[in-house]
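Structure first, then comments.
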Amino acid sequence: MNQTEPPPGGAVEPDLAQAAPRRWARPEMRFVGTGVSSGIAIGQAFGVREQPATVTRLRIAAADIEAELARLEAAVKQSLKQLGKLRQKLHVLPEEAQTEIEPLITAYIHMLGPTRLMRGIRHRVRETLVSAETAVVEETEATATQMLALPIGVTEEDRASRDRRAEEVREIGRRLIRNLTRTAFRSFADLPDGAVVVADALRPADAALLNPERVAGVATEEGGTTGHTAIMLRSLGLPTVLGAIGLSHKIGPGDTIVVDGTTGIVVLNPTQATLSRARADQLAFAESRNRLAGLLRLPAETTDGTAIALHANLELLAELPMLGQVGAEGIGLLRTEFVFMNREAPPDEAMQAEIYHQVIAAAGGGPVTIRVLDWGGEKDIEALSNAGLVPELNDVNPALGLRGIRLLLRRPTLLETQFSAILRAAVGTDSDLRILIPMVTCLDEVRQARAIYDRVIRRLTREGVRLPGRLPLFGVMIETPGAALSADGLATACDFFALGTNDLTMYTLAVDRADGGVGSLFDPLHPAVLRLIQFSLEAASRHQRPVSVCGEIAGDPAFTALLLGLGVRTLSMNAVNVPRVKQTVRAVSLAACGDLARRAMAESDPDTVRAQVVAFARMHGLPEPAMPAL
Ligand code: PEP
Ligand code: MG
């Protein structure tokens with residue numbers, strides 16, 4: 001059995017949500033988080049709970065004892081980390097709730113220490129040769145049952161206290177099991193129609209399971225604007241607020257909730273007046289979307305006649321119909337992680353080829369850029385762990401670990417299968433297909449990946465497999481400072497660049513993109529980031545390599561003028577943002593954008609750059625850049 005880092009951000013905490021007294025849940029309550037996907041959702045709040053993990057009794061060989069104990073220790077460590085995080089968040093709760101929950105967390109932490117319970121679990125693994133999960137279930141159940149075996153003459157108070165302690169033991173068992181089995185949320189099935197999902201945190205894999213037809217919106221306590229969960233929720237068009245601290249502990253059955261993904265405000269149990277305002281805002285939002293739809297047939301062209309290519313980033317197959325609806329000319333980034341998510345085992349070549357083929361066909365001959373698997377960071381994928389393809393523990397600093405191309409070069413079969421599937425998918429489509437390599441930091445990685453690509457082409461030719469008439473171009477993501485600063489060299493080994501400004505900002509400023517706690521430091525307008533962008537664009541131009549920007553700023557109209565001024569002519573973004581960006585492109589001249597970029601690049605203070613971009617936006621009646629999330 002395999003053990004890796006459990007779901008980032010930890011699991012939803014159903015125990016504490018229930019422990020919080022309900023008496024303050026009725027009056028209207030406001031929470032301020034970060035709006036990461038615009039629109040207004042009004043619906044019934046639905047607290048996402050994990051499904052209880054089911055464990056079948058599993059025996060192990062004597063030779064596996066140490067490995068099993070190591071898995072157990074990793075789960076204990078992870079549980080302690082989650083509980084520590086929870087404790088840090090307590091101060092935002094009303095005092096009453098704090099007094100109730102604090103001792104509970106302390107009890108959980110204590111139980112994971114050198115207690116009889118933990119000794120019992122380890123003893124079972126060692127002596128009865130069972131898996132860690134089995135040992136946890138059996139020992140916690142035995143302990144709880146013992147606690148509940150009441151001696152004669154016990155008082156009511158005693159009985160209640162024993163009940164509570166037994167439940168605490170069972171709960172710590174459930175937490176260990178979740179961390180051992182890496183159980184994902186799969187409880188969306190019983191979601192009432194039109195519900196608003198409320199959770200402590202959602203992983204990208206959980207977001208991929210949400211059906212936008214049935215879900216109205218999302219609000220969570222954790223997560224950053226540029227994290228992958230936020231990106232997915234934007235791509236699903238779900239109004240979303242992340243970082244609404246304290247929310248998930250306060251919702252109760254039947255509570256109505258308003259989530260304003262534009263302002264970041266969440267209102268629980270809104271009054272009639274709040275509800276009517278929210279409905280009016282909802283209507284205004286829909287009307288502005290409809291007005292933008294009028295741009296569909298108009299070209300994305302600046303006022304001085306330069307055409308800008310607007311492509312869509314795709315994270316899920318469910319987004320394919322959006323391409324035509326918003327007028328995206330192609331797919332600038334297909335994040336293939338979704339192909340691997342929410343499966344027991346990695347998809348084989350045929351299954352992958354089938355999925356890529358669907359995407360290529362939906363693009364109707366427009367360019368399609370397929371990025372090979374970018375595992376790591378917050379993108380945790382069970383199928384890869386189950387297959388033993390990813391490291392057992394990646395928790396030192398996952399963003400700096402075996403991410404993207406690094407993993408693929410360690411597991412060349414994964415890469416070969418994906419290259420092969422992409423090539424097969426393109427046969428007979430005459431598509432303008434491109435392959436993209438993520439998380440590159442140096443030339444050697446590109447050379448190695450390209451050698452594997454060439455090897456796959458040779459093998460398929462040898463095997464008599466038909467190849468696409470036009471072989472896909474081979475491109476590199478520029479999303480680390482290392483790649484940006486070696487862009488000249490990288491350009492010699494690839495056919496095009498795609499600038500991933502999400503990771504570029506994260507790695508340049510040392511700010512985790514998924515951590516709302518440092519969201520205020522995540523600033524793509526920081527001159528250091530802009531200089532790396534400029535350097536990469538200049539290298540691309542020197543080597544005549546096409547270049548696009550596919551980070552989140554490509555879909556933010558507040559950045560459009562600056563990017564055009566820096567020389568960008570292809571932008572790839574969440575499909576929903578295409579109309580707004582097109583509107584901006586059509587409102588500016590390249591000359592004015594160039595002037596803005598020249599002035600911005602002369603600055604070394606992010607605030608001055610921001611002020612310039614804001615002034616430009618005001619002068620042209622454009623959206624202004626939001627302040628980085630506070
Ligand atoms: C980026 O880092 O900007 C990017 C587009 O890749 P991802 O968001 O998938 O990491
Ligand atoms: Mg990236």
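We number each residue from 1, following the sequence as shown. Note that the structure is predicted; figures quoted are calculated from it, not measured. Just the heavy atoms: all of them, side chains too, but no hydrogens, waters or symmetry mates, feed the values below. Note that ligands are numbered from 1 as they come in the structure, with each ligand's atoms numbered from 1 the same way.
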With heavy atoms and a 4.0 Å threshold, my read on which part of Leu504 contacts ligand 1 is neither
Find all atoms of ligand 1 within a distance of less than 4.0 Å from any non-hydrogen atom belonging to Gly551, and give their numbers and elements. 3 (O)
For Cys550, the atoms of ligand 1 under 4.0 Å from one of its heavy atoms are 5 (C)
Are the side chains of Asp260 and Val241 in contact, using a 4.5 Å heavy-atom criterion? no
If you have a sec, read the angle at the Mg ion (ligand 2) from Glu479 atom OE1 over to Asp503 atom OD2, to 10 degrees. 100°
Number the atoms of ligand 1 from 1 as they appear, then name those within less than 4.0 Å of a heavy atom of Leu333, with their elements. 5 (C)
Which part of Glu552 is near ligand 1, with near meaning a heavy atom under 4.0 Å away: side chain, backbone, both or neither? neither
Please could you name the atoms of ligand 1 that Glu479 approaches to less than 4.0 Å, counting only its heavy atoms? 1 (C), 2 (O), 4 (C), 6 (O)
As an exercise, identify every atom of ligand 1 less than 4.0 angstrom from a heavy atom of His228. 7 (P), 8 (O), 9 (O), 10 (O)
Geometric N/O contact Arg335 with ligand 1, under 3.5 angstrom: yes
Is it the side chain, the backbone, both or neither of Met506 that has a heavy atom closer than 4.0 Å to ligand 1? neither
I need the contact type for Thr501 against ligand 1. Using non-hydrogen atoms and a strict under-4.0 Å cut-off, is it side chain, backbone, both or neither? backbone
Tell me which part of Leu499 gets within contact of ligand 1: side chain, backbone, both or neither, using heavy atoms under 4.0 Å. neither
